[in-house]
Amino acid sequence: MDQTLKQDADFRLSGILVPLLAIIAGVFMVVLDSTAMNVALSRLVVDFNTDLHTLQWVVTGYMLAQASVIPLSGWLSDRFGAKNVFLTAVIVFTIGSILCATPSSAEWLVVFRVLQGLGGGCVLPVGMAYVYRLAPKSKVGVVMGIMGIPVSRAVRSGDWSCIVRLAGGIPLLALDLPD
């Protein structure tokens, strides 16, 4: 009990600010990307000269890929370390994001979105677990709340061009996560 009180007294948000910002940036990017494609679908139907049924797989493939790796993220974190898994997931997601700006057909966009989803599926659970480790138990709620505010803004943003601009800088920021 005394040790818990001492940990609470020694805790400063500034001490975890850099890794928290890296986690927020990664999670923000993944959440933003989940909503952005829904906004862009009608335009992509015209750009790729295809039907909506084909392009629905862009969203569905992303979500299925995300959901498929969420259960693995805990095991991967235990096996390889949360920092390594988080960084790898952000890098895979970023590569998928960059590739999503280059497809010549709707089918390639689906493939690149699945790659993006595989990376993005690990970012949120590993990021949240990492935040839980950074803060003492009595402060986890506050830190999660701080993390939730900018992430909730991502849901309302949904600007596709913003994702491509963000994609390059997130892995560099994430390199500063503590072990």
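- With values rounded to the nearest 0.5 angstrom, Ile24 atom CD1 is found 7.5 Å from Ile146 atom CD1.
- Cys122 has its side chain out of reach of Leu72: every pair of non-hydrogen atoms, C-beta onward, lies at least 4.5 Å apart.
- Atom OG of Ser97 sits about 9.5 Å away from atom CG of Leu32, to the nearest 0.5 Å.
- Applying the 6.0 Å contact sphere to CG of Asp51 captures more than 12 heavy atoms from other residues, nucleotides or ligands.
- Between Trp108 and Val111 the shortest side-chain heavy-atom distance falls below 4.5 Å.
- In this structure the side chain of Gln116 reaches within 4.5 angstrom of the side chain of Tyr62, judged on heavy atoms.
- Enclosure of atom CE in Met128 is not indicated, since only 12 or fewer non-hydrogen atoms of other residues, nucleotides or ligands lie within 6.0 angstrom.
- Minimum interatomic distance between Gly121 and Val69 (heavy atoms only, all atoms of both residues): CA-CG2, 3.5 Å.
- Looking at every heavy atom in both residues, Val126 comes nearest to Ser77 through CG2-OG, 3.4 Å.
- Placement of Val142 and Leu134 within a single hydrophobic cluster is found when ILVMFWY residues are connected by side-chain heavy-atom separations under 4.5 Å, directly or transitively.
- Heavy-atom minimum distance, Tyr132 versus Val140: CD1-CG1, 3.4 Å.
- Residues Met63 and Ile70 do not share a hydrophobic cluster, defined by chaining ILVMFWY side chains whose heavy atoms lie under 4.5 Å apart.
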Practice task
Begin from the C-alpha positions of Ser68 and Leu118 and carry the test side-chain contact (heavy atoms from CB on, under 4.5 Å) through to its verdict.
Solution key: CA-CA 8 Å; Ser68 69; Leu118 291 172; 4.0 Å; yes
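- Here the side chain of Asp33 pairs no donor or acceptor atom with the backbone of Met29 at under 3.5 angstrom.
- Residues Leu52 and Leu44 are members of one and the same hydrophobic cluster, defined by side-chain heavy-atom contacts under 4.5 angstrom among Ile, Leu, Val, Met, Phe, Trp and Tyr.
- Both Leu41 and Leu64 are assigned to one and the same hydrophobic cluster, defined by single-linkage of ILVMFWY side chains at heavy-atom distances under 4.5 Å.
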Exercise for the section: Give the intermediate values and the outcome of side-chain contact (heavy atoms from CB on, under 4.5 Å) for residues Leu109 and Trp57. Expected result: CA-CA 9 Å; Leu109 182 58; Trp57 279 103; over 6 Å; no
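- Distance check: Ile98 CD1 to Thr102 OG1 gives 9.5 Å after rounding to the nearest 0.5 Å.
- Nearest heavy atoms, Val110 versus Thr54: CG2-O, 4.4 Å.
- Here the straight-line distance linking atom CG of Leu20 with atom CE of Met144 works out to 9.5 Å at 0.5 Å rounding.
- Within the 4.5 Å cutoff, side-chain heavy atoms of Leu55 are placed close to those of Val58.
- Scanning both residues, Val45 and Thr50, for their nearest heavy atoms gives CG1-O, 3.0 Å.
- Note that CD1 of Ile16 and NZ of Lys139 are 11.0 Å apart. Values are rounded to the nearest 0.5 Å.
- For Phe48, the ring pair (Phe, Tyr, Trp, His ring centres under 6.0 Å) test picks out no residue, with sequence neighbours left out.
- Contact of the Gln66 side chain with the Val30 side chain is registered, since non-hydrogen atoms from C-beta on lie closer than 4.5 Å.
- Of all non-hydrogen atoms in Ile23 and Phe86, the two that sit nearest each other are CA-CZ, 3.7 Å.
- Under a 3.5 Å cut-off, the side chain of Thr88 and the backbone N or O of Val85 do not form any donor-acceptor pair.
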